[in-house]
Amino acid sequence: MRRPRDEEAQSQGDQGVILNLTLSGDGVWNAIYSVQAIVGKAQQTLSFSIDTGSSDLWIASTSCSSSACSGAHTSLYNPASAILTGQTLNLEYLGGSVDGDIVWDSFTLGPYSIPAQAMVSASQVSDELLSSNFVGLLGLALPKNSNIAKWIPPTESDSPDGATFQQNVFGLTPIDTAPAQRFLGISLERPGSSRIPSLLTIGKHPENLIPNFDSSQIKYMDLIPSPIGDTYWRVSLDAITGWIDSIPYPVTLGASTTLTNVDGPVAVIDTGGSIILATRAIANGIYGAWGIGPGSDGNYYIPCETPMNMTISLGNIGPIPIHPLDLTARAPGSEPSLTDTCMGVIQASDQLAGVGDMVLGVAFLRNVYSVLSSDSSNDTDVDSAINEDISPRLGFISLTNPTTALQEFHSVRVLGQSLDPSNNSSPTSAVVVDRSLSVGVIVLFGIIGFFFLCATLFGVRWWMLRSRFKKDSQDPLNWVDQKPKNANETDQVKKITDESKDESSYAESTSWSERTRPELAYIPDQEATPEFQTLPSSLLSALETGEEIQEELSSLPSSDLNRPVVHSRSPSSATASSFKEDFGMAGVGARNSMASATSSKEVRPRIQEDANRSYSQSFSPVMWTGDELGPIVSGDSVES
């Protein structure tokens, strides 16, 4: 008999481990959280998307010829050291599928090394956005949902079998290499925020890594089984409430429409799905609280600046607040602006039969620390713990403060700031009302300032001309008549006075039509610079009326009489110058193990079952409850 666990030597594996997850994709409609693992004899370090909605492990291999593999632009799995099982498998997911051989190869995650882990070496990958952060999938749902285990049943021996990763890691031997506590913990970061880290924990809680985290506050729920046993991390869905202006609007849930062995609605958690799926009745009830119905495409749309404050109660846990930033987002490809309409992240699906009334994807799981517990009721003796049935439970700690969440929503959607306070030196791309108004005010002030400047310059100019007019009006002989009307009349203009007769050059700087001038005589060129001479007003009057002018002429000097005199032209008027946004099912990322309203594929991989085939009731080394492993097909239905 082996010693009890509390006397076992404590190694790193026995103490548990905390692993970092990497977020890739757009973070909303296609959010992939991946963990690095070492695979094969070549010790390749590859990234696997974690998926609590499926149970199998697959990886794109170097033999893959599909465009998804060639477009990954990263190293793929080399199965040279793998052991062939002689079985092939097709796995179908919403928005993606894989085909390949079932093989055994070494798989190391953190301190835990499994020498012969069953996996699919995928030679065909369809509709998956493979990248350096995602070349395979690590299924973390329950063993009875495994398709590999259907064809290669787990055993209690040390021989290679079809056991899932969870079964293998919790049953490692020697004992001190396995986690002392049999659970997985998951926390998921929110894009743009570093407050909650993305973590996958094995047998250890992140006490000092998540703010205000207290593992003693974790509340657990029993799972809701399907007719063949526990397949998903599925719990009862007790209540959904929308909050508008602090007024609660409960959503009527009714009975479950997806499972026949339960009365009330149920919910499944799925880290492989980006959005939240619900039956059409539940989705309509949620958005109905805000007076919103489905669009022509079946999706739901809401103004981006309108917060959806909502809580969900699951089992004996709740209400759990959901961050409003997780419930709406701009549709893929849309330009962020004030007038943009956002799409609701909770979407209706008609393909949830056999799964649950809601599938709580990443949008919900960012608001909780999730615990997938496989511990038994008797944990004092290792042998009995290995050989007895395991009753899995699901635990949560809420991580979202509704008051803080609403303030963050206002900062991001209304003020255009970053979700992370340390990045608020400049606004984000979410340009919104207040910032737009500021730009308008600045433009208005600029226009007003321009006209004020023009008015000031005009006033100064008018004052200068007025002062000059007053000065010149004291001596009419200082006025110059009009400028020549054509290009030929470019003679230099000079002024003369009655007292000195000195000629001085005068270049007029302003339009002649801007002032009122006395009548002047224009004297054409006489071999020198032309001159203007002012005649007495009495003589001018006589010239105009045709009266006798002898008396007036006799009073002029003889030198003036020898000059031809031409009457000035009347001023002519001046000429005025003229101035002068096919989107289908929303939120389903590159890989989602659940269903959509538009998908015709099965919810779970379907494999033709041999009706005469019997399956072992045991597997190595940890046992789950249920009379038999049974075939696991789409929608938890059993084919006979």
Side-chain angles (χ1 to χ4, degrees), residues 52-53 183 185-188 190 196 205 210-225 230 232-244 246-259 262-271 273 275-279 281-283 285-290 307-327 344-346 352 355-373 392-406 408-409:
T52 60
F183 70 84
I186 299 173
S187 65
L188 304 178
R190 184 169 292 108
I196 304 297
H205 293 303
I210 298 177
N212 304 317
F213 183 87
D214 182 0
S215 60
S216 65
Q217 300 301 312
I218 299 175
K219 295 182 179 180
Y220 291 91
M221 300 164 284
D222 292 331
L223 301 187
I224 303 296
D230 292 316
Y232 299 112
W233 298 99
R234 177 169 45 208
V235 294
S236 63
L237 175 61
D238 293 345
I240 300 176
T241 304
W243 296 83
I244 304 175
S246 301
I247 300 175
Y249 291 84
V251 176
T252 301
L253 299 178
S256 175
T257 59
T258 59
L259 290 180
V262 298
D263 294 328
V266 296
V268 173
I269 68 167
D270 181 19
T271 56
I275 66 168
I276 298 174
L277 296 176
T279 62
I282 292 178
I286 292 173
Y287 290 103
W290 282 269
M308 287 186 66
N309 299 313
M310 194 179 82
T311 60
I312 293 181
S313 296
L314 300 171
N316 61 332
I317 302 176
I320 300 172
I322 302 179
H323 203 299
L325 286 175
D326 295 329
L327 292 178
V345 174
I346 301 174
L352 299 181
V355 179
D357 299 277
M358 290 192 78
V359 177
L360 303 176
V362 166
F364 168 80
L365 295 172
R366 285 177 177 147
N367 297 274
V368 294
Y369 170 70
S370 307
V371 181
L372 317 180
S373 175
R393 297 182 301 161
L394 178 62
F396 287 137
I397 286 184
S398 177
L399 302 179
T400 298
N401 180 289
T403 302
T404 302
L406 189 58
E408 291 176 339
F409 180 90

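Note that the structure is a prediction, hence the values are computed from the model and not measured.
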Test item: Y232 side-chain N/O and D270 main-chain N/O as donor-acceptor pair under 3.5 Å: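 No, Y232 side chain to D270 backbone: no donor-acceptor pair under 3.5 Å.
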Exam field: side chain T258 to backbone V355, donor-acceptor pair closer than 3.5 Å: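 No.
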List for me each residue that meets side chain to side chain donor-acceptor pair (under 3.5 Å) alongside [X], sequence neighbours excluded, and say none if there are none.
X: S236; result: D238
X: N367; result: R190, D326, T400
X: R366; result: Y33

Smallest separation among heavy atoms of [X] and [Y], with atom names:
X: L223; Y: P225; result: O-CD, 3.5 Å
X: G264; Y: S256; result: O-CB, 3.2 Å
X: A283; Y: A278; result: N-CB, 4.2 Å
X: P402; Y: P321; result: CD-CG, 4.0 Å
X: G242; Y: W290; result: CA-CH2, 3.7 Å
X: S187; Y: Y369; result: CB-CD1, 4.1 Å

side-chain contact (heavy atoms from CB on, under 4.5 Å) between I346 and M310, intermediate numbers included: CA-CA 11 Å; I346 301 174; M310 194 179 82; 3.5 Å; yes
Passing candidate, side-chain contact (heavy atoms from CB on, under 4.5 Å) with T311, options P319, S398, P248: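 So the option named by the test is P319.
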For L327, the option from I322, I275, I286 that meets side-chain contact (heavy atoms from CB on, under 4.5 Å):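 With L327 as partner, side-chain contact (heavy atoms from CB on, under 4.5 Å) holds for just one option, I322.
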Test log, rule side-chain contact (heavy atoms from CB on, under 4.5 Å), inputs L372 and L394: CA-CA 5 Å; L372 317 180; L394 178 62; 3.6 Å; yes
More than 12 heavy atoms of other groups within 6.0 Å of D263 CG: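 No, CG of D263 has 12 or fewer neighbouring heavy atoms, counting only those of other groups under 6.0 Å.
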When rounded to the nearest 0.5 angstrom, what distance separates [atom1] in [X] from [atom2] in [Y]?
X: I240; Y: I320; atom1: CD1; atom2: CD1; result: 11.5 Å
X: F213; Y: I196; atom1: CZ; atom2: CD1; result: 10.0 Å
X: N401; Y: L406; atom1: CG; atom2: CG; result: 10.5 Å
X: K219; Y: N316; atom1: NZ; atom2: CG; result: 7.0 Å
X: N309; Y: I244; atom1: CG; atom2: CD1; result: 8.5 Å
X: F409; Y: T404; atom1: CZ; atom2: OG1; result: 15.0 Å

Is the shortest heavy-atom distance from the side chain of [X] to the side chain of [Y] under 4.5 Å?
X: I186; Y: I269; answer: no
X: L314; Y: L360; answer: yes
X: V368; Y: I397; answer: no

Working for side-chain contact (heavy atoms from CB on, under 4.5 Å), residues R234 and V268: CA-CA 4 Å; R234 177 169 45 208; V268 173; 3.7 Å; yes
Parallel, tilted or perpendicular: ring planes of H205 versus F183, cut at 30 and 60 degrees: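 Parallel.
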Verdict with reasoning, D222 to R393, per side-chain contact (heavy atoms from CB on, under 4.5 Å): CA-CA 5 Å; D222 292 331; R393 297 182 301 161; 3.8 Å; yes
Test item: side-chain donor near acceptor, T279 and D357, under 3.5 Å: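 There is no such pair between these side chains.
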